[in-house]
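In what follows, a structure is listed as structure tokens, so that the remarks can point back to it.
Just so it is clear, the model here is predicted, and its values are computed rather than measured. Within every chain, numbering begins at 1; the chains are lettered A, B, ... in the order of the sequence lines, protein sequences first and strands thereafter.
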Amino acid sequence: MKKLELKNLYDDFRDPATIKALSALIHEEAAKLDRDIRIMEVCGGHTHTIMKYGLKQLMPPNIRFIHGPGCPVCIMPKERIDHAYILAMQEDVILVTLGDMIKVPGSKGSLQDARSRGADVRFVYSPLDTIKIAQENPDKRIVFFAIGFETTTPMSAAMIARAEKLGLDNLLVHVNHVTVPEVMRELIDSRDEHIDSYNNRIDAFIGPSHVSVIAGAKIYKEFPEKYGRPVVVSGFEPVDVMEGVLMLVRQFTQDRCELEIQYRRSVTMEGNVAAQKQIERYFEKRPLFKWRGLGNIPDSALKLRDEYASIDAEAIYRDILPIEEIEDHKLCICGDILRGMAEPTECQVFGTACTPQKPLGSCMVSSEGACAAYYKYGDLLK
Amino acid sequence: MCLSIPSKVVKIDKEKATAVVDTMGVQREVGIDFVEDEVKVGDYVLIHIGFAMNIISEEDALASIETYKEILALMDEEERRQAILDGDNCAG
Ligand code: SF4
């Protein structure tokens with residue numbers, strides 16, 4: 001086996017020998033524990049890595065992954081997709097959003113469907129492209145359907161700042177930005193009906209890396225300090241995730257409960273302050289936001305500040321945007337999966353009535369959702 | 001999915017708050033709104049949906065690029081371009 005020095009890990013983030021060596025270290029460390037450790041990887045990017053590289057199979061039996069809610073399109077409730085659909089169908093509207101949204105189905109269909117029914121929907125790589133579209137179409141209203149966690153929020157803010165500077169008055173925003181700590185808190189705090197007590201399934205967290213580049217690792221402080229759950233912020237490469245797990249397991253064997261950063265090449269405690277300021281300038285907390293699969297979570301999303309009501313598509317089109325909640329599918333157990341009480345394969349309709357082509361529930365919607373990742377890389381499990 | 005391929009800054013336009021960056025041979029314009037004060041030509045940055053998120057050390061950047069090289073070598077030109085552009089396009 002390759003001799004391993006942790007500081008040399010940058011050598012190769014996907015090197016199988018390094019991954020195996022880390023796996024051996026995790027086994028060695030976990031053997032000292034007389035309990036199971038359930039680690040939630042909050043971010044869908046991590047879920048994807050874990051499934052794609054078979055990291056789950058490299059864990060000792062007492063170390064398990066719980067797949068988190070960190071996939072921004074997965075958690076978008078149908079009623080908000082319907083908003084996008086309805087806005088797109090307006091005569092004078094060009095609806096602009098990121099590519100991830102293309103296939104996500106609402107109750108009237110996806111944005112791709114809207115497009116095939118004549119709507120002008122544009123999928124862009126960057127909010128910056130929206131500015132160009134607005135400049136080129138002065139007689140249209142451009143609605144940017146903004147999605148994503150703390151990572152993408154500053155880019156929406158920067159887009160608004162640029163539009164302001166250019167004096168563009170035809171660019172509106174429909175804000176669906178969500179925040180990570182609130183949903184983590186909700187998952188810990190939520191009542192576990194199966195055991196009639198608070199959720200005690202999540203023992204530790206792997207913190208999302210890109211979110212932390214912007215928001216700083218500091219946003220997770222409360223989890224070790226207040227909730228007794230250690231957090232290690234890790235990168236997306238398989239070696240990063242394995243090292244993150246090792247760091248967490250070591251906290252348990254050494255009886256520590258801390259916030260640590262594995263992804264030091266990009267993440268600091270403070271994050272990008274300029275980006276945080278930009279968010280602060282345009283956005284404020286929404287009192288309640290419904291997450292698909294998890295229900296209403298207080299303070300877990302952002303909205304435009306009242307001063308910006310004149311560019312808020314949700315306010316401007318209030319009369320045609322329904323607010324009634326649309327129930328999740330009855331058979332879908334995404335909520336349980338995200339709380340660590342079930343695995344995707346335990347769902348009755350997994351891979352049969354529910355597939356990535358025709359998702360019934362949130363975890364199947366994008367390749368970063370737990371069910372979709374199991375569906376795609378499931379062969380590895382057998 | 002989210003990749004983090006470091007990009008090298010080749011040109012800066014302070015006026016527009018943009019920079020031209022090179023991601024393993026693919027060049028494009030990105031916003032530098034969040035790194036405006038520090039960023040210099042020759043720096044390595046991580047891009048997320050068309051904006052530079054942060055500046056990373058050359059040592060880390062080169063190590064990271066080396067890894068991606070191996071993966072991207074297996075793809076043809078068009079696939080490579082797509083993978084590089086898609087890499088920082090996830091909403092997460
Ligand atoms: S397989 Fe589909 S219906 Fe079942 S839990 Fe997953 S997303 Fe929900």
Worksheet, complete the sentence: d(H210(A) NE2, I49(B) CD1) to nearest 0.5 Å is 11.5 Å

Fill in: Inter-residue atom distance Y263(A).OH - D60(B).CG, 0.5 Å rounding
9.5 Å

Discussion item. Checking L128(A) against F51(B) for the side chain to side chain contact (heavy atoms under 4.5 Å, CB included) test, could you report, in this order, the C-alpha distance in whole Å, the side-chain angles of both residues, the deciding distance, and whether it holds?
Written reply: CA-CA 9 Å; L128(A) 276 185; F51(B) 287 82; 3.6 Å; yes

Discussion item. With a 3.5 Å distance limit and no angle check, can you tell me whether N272(A) reaches the backbone of N54(B) through a side-chain donor-acceptor pair?
Written reply: no

Practice prompt. Tell me, for K165(A) versus chain B, whether the close heavy atoms (under 4.5 Å) come from the side chain, the backbone, both or neither.
Written response: side chain

Worksheet item: Are there more than 12 heavy atoms of other residues, nucleotides or ligands under 6.0 Å from atom NZ of K218(A)?
Response: yes

Worksheet item: Should we count NZ of K14(B) as having more than 12 external heavy atoms under 6.0 Å?
Response: yes

Worksheet item: Do R265(A) and I56(B) touch side chain to side chain, with heavy atoms closer than 4.5 Å?
Response: no

Practice prompt. Side-chain contact test, heavy atoms from C-beta onward, threshold under 4.5 Å: evaluate it for P154(A) versus F34(B) and give yes or no.
Written response: yes

Worksheet item: Does the side chain to side chain contact (heavy atoms under 4.5 Å, CB included) test come out yes or no for V213(A) and M53(B), once each step is laid out?
Response: CA-CA 7 Å; V213(A) 172; M53(B) 283 197 293; 4.0 Å; yes

Response to the item:
From the list A274(A), A275(A), G44(A), the residue making the most non-hydrogen contacts under 4.5 Å with chain B is A275(A)

Worksheet item: For residues 144-164 of chain A, which residue pairs qualify under salt bridge (Lys or Arg N to Asp or Glu O under 4.0 Å), counting only residues two or more places apart or in two chains?
Response: R162(A)-D33(B), E164(A)-R281(A)

Item to complete: Under 4.5 Å heavy-atom distance to chain A, tell me which part of A17(B) shows up: side chain, backbone, both or neither.
Response: both

